[in-house]
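Each chain gets a letter, A, B and so on, in the order its sequence line appears, and its residues count up from 1.
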Amino acid sequence: MSRVLVGVKRVIDYAVKIRVKPDNSGVVTDGVKHSMNPFCEIAVEEAVRLKEKKFISEVVAVSCGPAQATETIRTALAMGCDRGIHVEVSGKDYESLGPLQVSKIFAALAKKEEASLVILGKQAIDDDCNQTGQMTAALLDWPQGTFASEVEITGDKVKVVREIDGGLETIKINMPAVLTADLRLNTPRYATLPNIMKAKKKKIANVKPADLGVDIVSRACRGTEWDTVGSLYEQWRSRSEHGALVF
Amino acid sequence: MAAVGTLSKVSRLTSCINRSRWLIFNRRQIQGMSSCIDPSHGLSMEQKDFQKMAFDFAANEMAPNMAEWDEKEIFPVETMRKAAQLGFGGIYVQPEVGGSGLSRLDTSIIFEALSTGCVSTTAYISIHNMCNWMIDTYGTTEQRERFCPELCTMNKFASYCLTEPGSGSDAASLITTAKLEGDHYVLNGSKAFISGGGDTDVYVVMCRTGGKGAKGISCVVVEKDTPGLSFGKKEKKVGWNSQPTRAVIFEDCLVPVSNRMGQEGQGFNIAMNGLNGGRINIASCSLGAAHACVHLARDHLLVRKQFGETLSNNQFLQFKLAEMATKLVASRLLVREAAMALQEGRSNAVSLCSMAKLFVTDECFNICNQALQMHGGYGYLKDYAVQQFVRDIRVHQILEGTNEVMRMLIARSLLSE
């Protein structure tokens, strides 16, 4: 039957007071309480509910990050996922890991695991990017149902009610597809004591991005600074072909 | 509270109430954000998972209702059943009868976390767990299968009946009799101060089947609606208001012999063994309250200004807060050590449980009381949670064996060597 991949991200707990590092290079993460991204919790809950309703047969929790990411995967296992995949990315690579690389990883895994659905949280509360789900769908050339507040599967189609600026939009997309969970999709369950204990026995596979054929070198590059708008405009004008702005 | 300066009383009170509501509803702050008193230090990964789940449950399901349950004296059956679905109905009861099969240390960690949401409800859950464990441990297979599964799901609730109007600390002098007549015991007598009494379904009753003293006491399980079982009026208490407390009265109450747990004469032993764990649980509840109060006090000190600066700049208050934090951590270590001693069956387990109950309930009450003092006049208002913690844990120094009786047990252990 069908398999669902759920992405879970380990982020700084929402209740923690964020502090900037003294060298202004980022935010203090050492020794700070981390937990699963709240939208990822909603994604896991939806996947587990789909399994309980027998639409899918297996839920695989995936997290990209250093060794501690396995804690987040275990939380997902305690909520009802069947097994986990830890894509190991640490140190400097992890600091520069962004939605583009993560979506490449998810796309590769989705193909490898023959998933029929990839469910992600709509965004992470640390970077608020709101890009990974959309990029993953684009890389796979799969339909996407983002900002989902209702998901219904009939056969090989998914009806998604999306929360958009104008209100609610209902779309019907074919599987395989990528869904991203919004706040009102469901209320995540508490892990039960027995499930927390069972989670210890579930398998978490360890892979590296290279094993999936994914290059995680960051595409972000440092820009150049100009003193005035005038000099910036001169640069643009000299580089463009017909005096039009070319980026 | 009379001197409120130039601001009108109404707007001042409103802004304070709003701030207190914010503090009360933002209970996630209480989840050990201060690293030196973080209760997850030294725990295994699995224990941290249990703890986090219990803290989340406390913050989301209990804390927002704690004040209402206290004021309206509501026994929160639905919330407790939700807790039972997570495995909190029989935490240290064997899995084959529906329990979670966890250790005493795991249990302590869980009750400590739940208590930050509501002490009174958590304390009742711990009493329920104690009764469930007693049946699981001392009952026959038939009794375990009859009672434990429904207690684990909290489909049925339990009460522990030892104390009588005439025998509290001197528990072995109880006079509720159980005369054997055919295949029934006839119970006559009354129990006092029974937590859950009147609203629960399963009563674990210590009664006299034999001669005087501890050796004449047996333990029977009496079910609700048994003819001859009735209840006194609901007591009006200072705290623990989310659980009803009533006298339990037996008038020629017929209880089948098949409801007796263990042998005749074993009842006192069963009761005391139940209480060892119960004492760790009650101490754990005190810990949770103290933990919550240290955070409430700390947050208040950072916000409240007098003499041109926040109270957190006042050295006396800084030192007081440090002392509170130190006693909290010391208390936590003692409770956890006692829990481990009990689960490992060490020879000093009983004394350690008594020491833990004595020390922790006293110290944690002082911590909560001090936290109330730091709130100034606002600490005395029911809009602020700190007063409820103080009222709720005051009784922990009295029940499950008064702290005076704890001293007796410890002294006896020392002097009999």
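Classification of Glu112(B) and Arg332(B) as a salt-bridged pair holds, one side-chain N sitting under 4.0 Å from a carboxylate O. Using a 4.0 Å cut-off between charged side-chain N and carboxylate O, Asp182(A) and Arg162(A) make no salt bridge. A salt bridge is absent between Asp82(A) and Lys202(A); no separation between the charged side-chain nitrogens and carboxylate oxygens falls under 4.0 Å.
Comparing Leu193(A), Thr192(A), Asn195(A) by how many heavy-atom pairs each has under 4.5 Å with chain B, the most go to Leu193(A).
Put simply, the side chain of Arg3(A) gets close to the backbone of Glu113(A): a donor and an acceptor are under 3.5 Å apart. Side chain of Thr136(A) to backbone of Ala107(A): no donor-acceptor contact under 3.5 angstrom is found. One N or O on the side chain of Ser120(B) and one on the backbone of Ser242(B) form a donor-acceptor pair closer than 3.5 Å.
The contact list for residues 78-86 of chain B toward chain A, using heavy atoms and a distance under 4.5 Å, reads Gln85(B), Leu86(B) by residue number. Residues of residues 36-49 of chain A never come within less than 4.5 angstrom of chain B, heavy atom to heavy atom.
With 3.5 Å as the limit, one finds no donor-acceptor pair spanning the side chains of Asn281(B) and Ser284(B). Residues Ser63(A) and Thr72(A) bring no donor and acceptor atom of their side chains to less than 3.5 Å of each other.
Geometric assessment of Arg144(B) against the ring of Trp133(B) yields a negative cation-pi assignment under the 6.0 Å and 45° thresholds.
Residue Arg189(A): no heavy atom, backbone or side chain, is found under 4.5 Å from chain B.
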Self-check item: ring-ring contact (aromatic ring centres under 6.0 Å, His included) evaluation trace for Phe111(B) with Phe88(B)
Solution: CA-CA 9 Å; Phe111(B) 284 141; Phe88(B) 293 150; 7.9 Å; no
